[in-house]
S.K.: 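Below: one structure in structure tokens.
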Amino acid sequence: MTELAAVKAALRTQAVETPSWAYGNSGTRFKVFAQAGVPRDPFEKLDDAGKVHEFTGVAPTVALHIPWDRVDDYAALAAHAADRGVRIGAVNSNTFQDDDYRLGSICHPDAAVRRKAVDHLLECVGIMDATGSRDLKLWFADGTNYPGQDDIRSRQDRLAEGLAEVYERLGEGQRMLLEYKLFEPAFYTTDVPDWGTAYAHCLKLGEKAKVVVDTGHHAPGTNIEFIVASLLREGKLGGFDFNSRFYADDDLMVGAADPFQLFRIMYEVVRGGGFSSDVAFMLDQCHNIEGKIPAIIRSVMNVQEATAKALLVDAEALAAAQADGDVLEANAVLMDAYNTDVRPLLREVRGEMGLDPEPMKAYRACGWGEKVVAKRVGGQQAGWGA
């Protein structure tokens with residue numbers, strides 16, 4: 001197989017998971033903005049996700065968020081997904097939208113609240129069983145606002161205890177993905193604030209526990225690709241939540257703020273073997289002012305472009321320059337790949353996959369957006385908390 005053929009083969013096998021919540025209404029902390037045609041339930045979210053996969057060919061799974069996507073029959077939801085050409089992806093828990101969680105959830109000082117939080121996580125594993133999902137994705141808003149509010153070490157003990165119980169419930173082939181976040185909503189201490197904390201807990205839990213890297217969850221200037229390389233080296237990178245941020249966790253479209261950073265991250269993924277392993281490439285975005293489906297299609301395409309450039313890095317030339325200590329040449333090898341216009345290559349790959357080479361144009365021409373605006377009238381639109 002030629003080098004170009006290998007790159008094209010890798011791109012054809014890429015999979016980017018889309019989030020159910022990105023198809024619903026969202027907004028700022030002050031206002032949620034409604035759009036016409038937004039899905040009213042998880043089944044309609046899967047209808048839209050099916051269209052994203054239809055035109056991109058590389059978005060075969062959809063992440064759920066519980067309780068936002070709670071239904072009476074999860075087997076029926078999984079069957080509906082299959083009818084739309086997609087599958088259920090990660091099941092995301094929610095331990096941050098209940099009054100009981102004011103002082104935390106799994107780390108709460110009250111054992112009854114911790115029990116409630118752990119029971120919710122166990123419910124999510126049951127949903128994984130019913131839908132065929134592989135991954136339980138955990139993000140905790142737990143933390144404290146003031147010095148002395150709670151004992152930092154005790155909160156870590158509670159976290160470890162709760163995670164261990166849920167970990168033991170995982171079935172064959174299922175994984176626990178632990179996410180971290182620098183701050184918010186806790187302003188003094190956050191219980192899982194960085195990749196080191198997440199890694200330490202996952203290491204103690206076992207092989208089924210891995211770390212999720214959300215690209216918006218870091219301090220300004222953080223070298224995210226170093227974190228990616230380190231976790232891959234240790235076999236503990238479970239997946240990504242791709243998005244962009246300008247200030248904090250803005251959840252904007254991936255590649256919008258710093259496409260060069262996305263390329264650098266994907267290079268480390270390729271370099272570390274993550275592209276051919278079980279690393280999950282997930283979007284975690286909210287589309288407040290732009291159309292939902294077009295924004296998700298564009299986000300998938302942005303990931304594809306960064307991946308294509310990363311796959312085009314001349315590994316032999318880079319290794320030679322690094323061995324020679326040729327700083328400028330090593331940097332030039334990376335920049336040559338980044339500056340390559342990979343859009344013609346991706347159009348060619350899509351054509352070989354039987355897809356329209358231009359997903360955005362093809363989607364706009366299909367009339368789906370106009371159809372759902374006319375059809376989805378009445379009822380409660382999905383959104384934050386719905």
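One is the number of the first residue; the rest follow in order along the sequence.
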S.K.: Should we count CZ of R115 as having more than 12 external heavy atoms under 6.0 Å?
M.R.: yes
S.K.: Does K292 make a cation-pi contact with Y23, if we ask for NZ or CZ under 6.0 Å from the ring centre and within 45° of the axis?
M.R.: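 No, a cation-pi geometry is absent between K292 and Y23.
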S.K.: Just checking, is any N or O donor in the side chain of D214 or N243 under 3.5 Å from an acceptor N or O on the other one?
M.R.: yes
S.K.: Is it the case that over 12 heavy atoms from other parts of the model lie below 6.0 angstrom from the CZ atom of F226?
M.R.: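 No.
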S.K.: Over all heavy atoms of both residues, which pair between N288 and T28 is shortest? Give the atoms and the distance, please.
M.R.: ND2-N, 4.3 Å
S.K.: So which of D194, T222, D241, D249 actually passes side-chain contact (heavy atoms from CB on, under 4.5 Å) with H217?
M.R.: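 The single option meeting the side-chain contact (heavy atoms from CB on, under 4.5 Å) with H217 is D249.
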S.K.: Per the side-chain hydrogen bond (donor to acceptor under 3.5 Å, both in side chains) rule, which among D191, D142, N94 passes with S105?
M.R.: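 Going through the options one by one, the only one that passes is D142.
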S.K.: Does D341 come within less than 4.0 Å of R343, counting only side-chain N to carboxylate O?
M.R.: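 Looking at R343 together with D341, the answer is yes, because their closest N to O distance falls below 4.0 Å.
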S.K.: Please indicate whether R347 has more than 12 foreign heavy atoms, meaning atoms of other residues, nucleotides or ligands, lying under 6.0 Å from its CZ.
M.R.: yes
S.K.: Tell me, with the steps shown, if Y146 and Y188 meet ring pair (Phe, Tyr, Trp, His ring centres under 6.0 Å).
M.R.: CA-CA 6 Å; Y146 295 98; Y188 174 60; 8.4 Å; no
S.K.: Please check this pair: side chain of Q304 against backbone of L346, looking for a donor-acceptor N/O pair closer than 3.5 Å.
M.R.: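 Not confirmed, Q304 side chain does not pair with L346 backbone.
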S.K.: Go through the side-chain N and O atoms of Q97 and W68 and say whether any donor and acceptor fall under 3.5 Å apart.
M.R.: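 Yes, side-chain donor-acceptor contact under 3.5 Å.
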S.K.: For P193, is there any backbone N or O sitting under 3.5 Å from a side-chain donor or acceptor partner on T197?
M.R.: no
